[in-house]
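Worksheet: one structure, shown below.
Positions are given from 1 along the sequence. We count ligands from 1, going down the list as the structure has it; atoms in each ligand are counted the same way. All of these numbers come straight from a predicted model, not from anything done at the bench.
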Amino acid sequence: MNDSYLNFVNSPLGARVARSLRWPLPEVLRRYRADTPEFDGIVAVGAGPSPQLLDALADVIAHIGMTSVAHAGASAWVPLANRHGLMTGRFEPADPAAHSQAGSQARVRALVFDASGIEDSAQLDTLYAFFHDALRSLDKCGRIVVLGRPPEACASPRQWTAQRALEGVTRSLGKEARRGITSNLIYVADGAKSGAKSGATSSAGNSNDAGIPSGIESTLRFFLSPRSAYVSGQVVRIGTAPSALGDDFDWTQPLAGQRAVVTGAARGIGAAIAHVLAAQGAHVTGIDVPAATDALDATMRQISGTALPFDIAAPETPAQIAAALDELGVDVFVHNAGITKDKTIAKMSEPAWRNVIDINLSAQERIDDALLEAGTLRDGGRIVCVSSIGGIAGNLGQTNYAASKAGVIGRVQSMAPHLAKRRITINAVAPGFIETQMTAKMPLAIREAGRRMNSMSQGGQPVDVAQTIAWLAHPGSAGITGQVVRVCGQSLIGA
Ligand code: NAD
């Protein structure tokens, strides 16, 4: 759907009016485009005491071809970056008074802070020093990434406390920065540093650390990329599950040779997921209700995919899906199909309650049971489920929908340990307000509130959800499971 307010305030006249009336000024978000370099510009690096992830960070920055500058607090960076063959220098704050880049450094695309060595709350001062100096140097639609250690794995209560404090800083930075800037926190388990196989050689000709079992590369790339335009205020944990990316891994086609299935693929978010997965190299099978066959066929034709016109809630469907996919198997299954039947609970009919729970939640369980039992979903595969911030925060008139979407969160949390034995990950994305036919049906006032009540002051696009799903489906994201990532522009709802 068209957001006419966003268009208006980004016109010369509209911008003047909005500024004088102090209206919110949503930025036109920089999104991934195949014809534009995904990574460019400068990363400013900051660090707390004894940072442990700088080497892995330098590896990724060298791979993606960005340049770097080091804040005074990250003195270890310059020699380390030189070893990785990275262009680097010292960080100099932008001069806010000059309104130009003369005399100070060009604006930076990203601020990355390695907080992994922080063991005591007093050491949080190092975050203050970096972001106090650097936040104003960050370009619009820039990226803030903080790297820490999972608090629950910390050796002492003080370290746990200090690492947990990172959530508050990172989320607040997203709210302060605005201008289309995202801010996210990645907790990296010890032993989950590099994305390529041990001993792999980077494009810059450097060796990765030996014996490192898993990766932060797919995740760092995602959070530094325009692909994560509408993902902010999130906390992601990367565990130590091994990923097996070869030296010749093609990061432009990460899903090459893989088979993906997307439910509800005829339109909206599902169609966008199908497009993004196909663009990353997957063969996509799209499922949608028989009544949507024409739209499903059209979407699948555009991406040379396969259409399966099935109602996911029909009792025979799980077996039919398994049979249709059996021979070739599936690497990625995306449970996207969902419906709403909104009414306050006193006015809601029993079929409306049952129908929503059945399509949005129970059908996912039945399908996964069938695919896992038949071995159709291959070992090392990925399941990604679409939840909603309604499932996190609850919503007036949506007891059925919120129950189903909260249930999806329970499903990924409870299934993850079981599926780990087969190296299958299961995660959920929880979209906030996304511009689709579902949200176009909302009353105007609620729609406008949904659009503006987030750090981006606008709704997301289906492609924002799709890109997030593609990151979770990535072969390098083996260390991420049982998690829920909101795609909500850092919505105030349920925050
Ligand atoms: P949409 O209504 O535009 O598309 C949903 C698709 O699912 C349709 O093609 C529909 O035919 C299909 N579908 C519905 N029931 C089905 C069934 N029984 N079997 C097979 N296919 C079925 O919705 P959307 O906005 O693209 O939403 C996609 C998902 O994202 C849903 O799970 C929704 O709950 C979730 N979501 C959307 C938003 C948003 O703002 N749009 C926010 C949070 C969550």
min-distance protein heavy atom vs atom 14 (C) of ligand 1 -> Ile339 CG2, 3.6 Å
the protein heavy atom lying closest to atom 22 (C) of ligand 1 turns out to be Ala337 CB, 3.7 Å
Ranked by distance from atom 18 (N) of ligand 1, the top protein heavy atom is Asp311 OD1, 2.8 Å
Of all protein heavy atoms, the one nearest atom 5 (C) of ligand 1 is Gly338 O, 3.9 Å
Residue, atom and distance of the protein heavy atom nearest atom 17 (C) of ligand 1 read Val289 CG1, 3.4 Å
Candidates Val487, Asp358, Thr436; heavy atom nearest atom 25 (O) of ligand 1 found on Thr436
Phe310 heavy atoms within 4.0 Å reach ligand 1 at atoms 19 (N), 20 (C)
A student checking ligand 1 against Pro431 at a 4.0 Å heavy-atom cut-off should list atoms 42 (C), 43 (C), 44 (C)
Rounded to the nearest 0.5 angstrom, the OG1-CZ distance for Thr468 and Arg486 is 13.0 Å
At under 4.0 Å between heavy atoms, what of Ile359 touches ligand 1? The answer is side chain
Output for pair (Thr399 OG1, Ile345 CD1), nearest 0.5 Å, gives 4.0 Å
Item to complete: Using a strict 4.0 Å threshold on nitrogen-to-oxygen distance, state whether Glu435 and Arg451 make a salt bridge.
Response: yes
Here the atoms of ligand 1 under 4.0 Å from any heavy atom belonging to Gly268 are 26 (O)
re atom 7 (O) of ligand 1, the protein heavy-atom contact at minimum distance is Gly264 CA, 3.4 Å
Closest to atom 38 (C) of ligand 1 (heavy atoms only, candidates Ser388, Gly432, Ser387, Pro290) is Gly432
One finds that the ligand 1 atoms under 4.0 Å from a non-hydrogen atom of Ile434 are 39 (C), 40 (O), 41 (N)
(message) Using the rule given for side chain to side chain donor-acceptor pair (under 3.5 Å), can you reason through Gln437 versus Arg267, listing the C-alpha separation, both sets of side-chain angles and the distance that settles it, and then say yes or no?
(response) CA-CA 9 Å; Gln437 291 187 34; Arg267 67 177 201 195; 3.1 Å; yes
Note: heavy atom closest to atom 32 (O) of ligand 1, options Val386, Thr439, Asn336, Ile287, belongs to Asn336
Honestly, for Glu435 the part within reach of ligand 1 (heavy atoms, under 4.0 Å) is neither
Under-4.0 Å salt bridge between Arg221 and Glu38
no
Salt bridge present between Asp379 and Arg423 (N-O < 4.0 angstrom):
no
d(Leu166 CG, Leu173 CG) to nearest 0.5 Å is 10.5 Å
shortest atom 34 (O) of ligand 1-to-protein heavy-atom contact is with Tyr401 OH, 2.6 Å
### Query
side chain to side chain donor-acceptor pair (under 3.5 Å) between Arg366 and Thr317: does it pass, once the steps are laid out?
CA-CA 9 Å; Arg366 294 193 295 265; Thr317 295; over 6 Å; no
| query | Hey, what's the ring geometry for Phe131 with Phe113, parallel, tilted or perpendicular (30° and 60° as the breaks)? | reply | tilted
the protein heavy atom lying closest to atom 26 (O) of ligand 1 turns out to be Ile269 N, 2.8 Å
Going by the 4.0 angstrom heavy-atom rule, the piece of Val465 near ligand 1 is neither
Exercise for the section: Using a 4.5 Å cut-off on heavy atoms from C-beta on, say whether the side chain of Leu147 contacts that of Ser116. Expected result: no
| message | Please determine whether ring-ring contact (aromatic ring centres under 6.0 Å, His included) holds for the pair Phe249 and His474, giving the CA-CA distance in whole Å, both sets of side-chain angles, and the decisive distance to 0.1 Å. | response | CA-CA 12 Å; Phe249 184 73; His474 195 288; 5.6 Å; yes
